[in-house]
Amino acid sequence: MRHRQPFGNPHETSRALNSTYHLKGKVRRLAGGKARMTSTERASHFTQSVGAARTDARSREGSQSEFQVYVPASTSPYVPHGVRAQQLTWSEIVAPGGYAHRVLARGTRLRFDDPTGDACAHVVLLNAFEPTERLNVADTQKIPWQAYVTTGHPLLSGDGRVLATVVEDSSAHHDAFCGTTTATFTTAKYGAHRPESASPAGQDLLALAAAKHGLTRRDVPPGVSFFQGVRVGGDGELQFRGSAGAGTHVDLVAEMPVIVLLANVPHPLDPRPDFVVGPLRIHAWSDTATGPDSAFWAATPERTRAYENTLDYLIARGAAA
């Protein structure tokens with residue numbers, strides 16, 4: 001199986017890709033990793049009969065999309081440093097304006113990479129056993145006594161349990177205040193919001209991701225946005241800090257089995273008039289959940305209780321291993 005070569009110098013890559021990913025309806029976009037073919041590409045397919053369509057489809061075996069899920073995950077050309085390819089349980093490149101979703105086991109390490117400096121991963125987590133338990137951004141800020149998400153930060157549910165922990169962060173430009181873009185906002189700013197348009201709304205994409213797990217829009221709470229930062233100014237106004245630049249990453253560890261929903265769209269406070277967003281790389285592999293010997297567990301009394309609540313819940317379910 002042939003793969004594209006990894007991105008080279010991240011700054012050169014950023015400049016090269018930005019001209020492509022400033023989506024204005026003039027370039028084809030890929031939603032959920034599926035390409036919308038140009039008229040030239042459609043003309044190259046032979047589908048005038050069932051037999052011709054089958055032959056045409058089989059002739060393209062082994063071809064690669066720039067944005068795709070790698071199956072098996074070990075075939076990713078971007079395996080994180082220090083991780084063996086065989087360890088990978090999820091490898092995907094999410095298109096600009098695309099979405100992703102996956103169920104992950106407890107102890108899974110989940111890495112998001114921003115190769116161009118323009119990705120914005122709007123992430124929602126839900127308890128895979130009981131999806132009515134879901135990310136609560138208010139508690140995620142309140143319980144750790146810290147509004148700004150970075151290394152060591154627990155992502156909490158409304159039930160006082162830890163869904164995941166940020167265990168590594170080379171960006172530190174994130175946001176737990178604003179959530180993702182709505183249909184109304186996206187239409188007003190970019191002219192369209194539907195998932196198949198050149199400027200999909202984040203909420204619409206998250207709803208599609210949720211539907212893959214039997215969930216509806218009502219099951220999708222506000223999420224955390226990675227790689228595009230926001231700070232609160234002295235006057236109480238939200239200040240957009242944008243990206244830390246190309247080549248940064250953030251790692252989470254799942255503290256219980258979780259459903260991950262993700263939309264890769266511009267941040268709602270991004271001041272640029274065009275729909276500007278870059279590709280997002282995702283890799284996951286088996287690791288270890290946070291335990292009592294971790295500094296994250298004992299960082300504050302409130303965090304300790306949250307981790308203890310999580311472990312107690314998992315022990316009762318026979319899922320603490």
Side-chain angles (χ1 to χ4, degrees), residues 101-112 121-169 172 174-180 203 206 209-210 213-226 230 232 250-263 284 286-321:
H101 60 93
R102 188 62 62 106
V103 177
L104 298 180
R106 168 172 160 83
T108 298
R109 186 158 178 145
L110 175 61
R111 171 166 294 185
F112 302 125
H122 301 274
V123 176
V124 168
L125 303 174
L126 305 95
N127 177 344
F129 291 132
E130 299 174 283
T132 52
E133 180 179 9
R134 59 198 66 158
L135 180 67
N136 184 306
V137 290
D139 285 353
T140 291
Q141 294 175 310
K142 178 178 66 178
I143 300 303
W145 301 100
Q146 175 55 264
Y148 304 128
V149 174
T150 189
T151 304
H153 205 114
L155 306 181
L156 288 109
S157 74
D159 293 340
R161 293 189 279 260
V162 185
L163 296 167
T165 303
V166 179
V167 294
E168 189 170 318
D169 180 14
H174 313 303
D175 169 40
F177 292 102
C178 298
T180 191
Q203 285 189 356
L206 289 174
H213 301 273
L215 305 172
T216 70
R217 286 178 181 270
R218 295 184 62 182
D219 298 306
V220 182
V224 174
S225 304
F226 294 103
V230 170
V232 179
V250 60
D251 287 11
L252 313 180
V253 163
E255 305 294 357
M256 65 169 69
V258 293
I259 300 171
V260 180
L261 309 178
L262 180 148
S286 297
D287 205 331
T288 305
T290 303
D293 57 344
S294 167
F296 299 152
W297 180 293
T300 67
E302 295 82 6
R303 296 188 199 198
T304 299
R305 283 196 294 273
Y307 284 114
E308 289 175 343
N309 287 341
T310 307
L311 186 58
D312 179 70
Y313 170 82
L314 293 171
I315 289 173
R317 278 189 162 271

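One is the number of the first residue; the rest follow in order along the sequence.
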Asks: Taking the side chain as everything from C-beta on, heavy atoms only, tell me whether C178 gets closer than 4.5 Å to S225.
Replies: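 When only atoms from C-beta onward are counted, S225 and C178 do not touch, as no gap falls below 4.5 Å.
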Asks: Using modelled atom types and a 3.5 Å cut-off, is there a donor and acceptor pairing between side-chain atoms of D219 and backbone atoms of T216?
Replies: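 Yes.
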Asks: Side chain to side chain contact (heavy atoms under 4.5 Å, CB included), that's the test. Do L125 and V260 meet it? Break it down for me.
Replies: CA-CA 5 Å; L125 303 174; V260 180; 3.8 Å; yes
Asks: So do the side chains of V230 and Y148 get within less than 4.5 Å of each other, counting heavy atoms only?
Replies: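 Not in contact.
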Asks: May I ask you to establish whether R317 and F129 are in a cation-pi arrangement, using a distance under 6.0 Å from NZ or CZ to the six-membered ring centre and at most 45° from the ring axis?
Replies: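 Yes.
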Asks: Holding to salt bridge (charged side-chain N to carboxylate O under 4.0 Å, His left out), I want the full list of residues that pass it with E168, two or more places apart in sequence or in another chain.
Replies: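 In terms of salt bridge (charged side-chain N to carboxylate O under 4.0 Å, His left out), with neighbours along the sequence ignored, E168 is linked to R109, R111.
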Asks: Stepwise, does the side chain to side chain contact (heavy atoms under 4.5 Å, CB included) test hold for L135 with T140?
Replies: CA-CA 8 Å; L135 180 67; T140 291; 3.6 Å; yes
Asks: Report the residue from F296, Y313, W297 that forms a ring pair (Phe, Tyr, Trp, His ring centres under 6.0 Å) with Y307.
Replies: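 Answer to the ring pair (Phe, Tyr, Trp, His ring centres under 6.0 Å) test with Y307 among F296, Y313, W297: W297.
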Asks: Once rounded to the nearest 0.5 Å, what's the spacing between atom CG of L311 and atom CZ of R161?
Replies: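 The CG atom of L311 sits 11.5 Å away from the CZ atom of R161.
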Asks: Applying side-chain contact (heavy atoms from CB on, under 4.5 Å) between S157 and each of L163, T132, T310, report the one that passes.
Replies: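 Among the candidates, only L163 passes.
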Asks: Are any non-hydrogen side-chain atoms of F112 and D251 less than 4.5 angstrom apart?
Replies: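 F112 vs D251: side chains apart.
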Asks: Using modelled atom types and a 3.5 Å cut-off, is there a donor and acceptor pairing between side-chain atoms of D169 and backbone atoms of A172?
Replies: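 Side chain of D169 to backbone of A172, a donor-acceptor pair under 3.5 Å: yes, one is there.
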Asks: How about D287 and T108: do any of their side-chain heavy atoms sit closer than 4.5 Å?
Replies: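 With C-beta onward as the side chain, the pair stays apart.
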Asks: Within this structure, what is the OG1-CD1 distance for the pair T300 and I143, rounded to the nearest 0.5 Å?
Replies: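 The distance works out to 8.5 Å.
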Asks: Passes side chain to side chain contact (heavy atoms under 4.5 Å, CB included), H213 versus H101? Steps please.
Replies: CA-CA 9 Å; H213 301 273; H101 60 93; 3.0 Å; yes
Asks: Going through the checks in order, is the side chain to side chain contact (heavy atoms under 4.5 Å, CB included) test met by V166 and V250?
Replies: CA-CA 7 Å; V166 179; V250 60; 3.8 Å; yes
Asks: Would you say the side-chain atoms of E255 pair up with the backbone N or O of T290, donor to acceptor, closer than 3.5 Å?
Replies: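 Checked: pair present.
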Asks: From T150 OG1 over to H174 NE2, what is the distance, rounded to the nearest 0.5 angstrom?
Replies: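 The NE2 atom of H174 is 5.5 Å from OG1 of T150, to the nearest 0.5 Å.
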Asks: Find out whether L261 and V220 are in side-chain contact, i.e. whether some heavy atom of one side chain is under 4.5 Å from a heavy atom of the other.
Replies: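 Side chain of L261 against side chain of V220, heavy atoms only: contact under 4.5 Å found.
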Asks: Hey, are the side chains of T165 and L252 touching, using non-hydrogen atoms and a 4.5 Å cut-off?
Replies: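 The answer is no; the side chains never approach within 4.5 Å.
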Asks: Is any side-chain heavy atom of N127 closer than 4.5 Å to a side-chain heavy atom of M256?
Replies: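 A side-chain contact under 4.5 Å exists here.
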Asks: Between the side chain of D175 and the main-chain N/O of F177, is any donor-acceptor distance below 3.5 Å?
Replies: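 Present.
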Asks: Enter the distance from L155:CG to Q141:CD here, rounded to the nearest 0.5 Å.
Replies: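 Here the interatomic distance stands at 11.0 Å.
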Asks: Taking side chain as C-beta onward, heavy atoms only, is L215 less than 4.5 Å from L126?
Replies: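 Side chain of L215 against side chain of L126, heavy atoms only: contact under 4.5 Å found.
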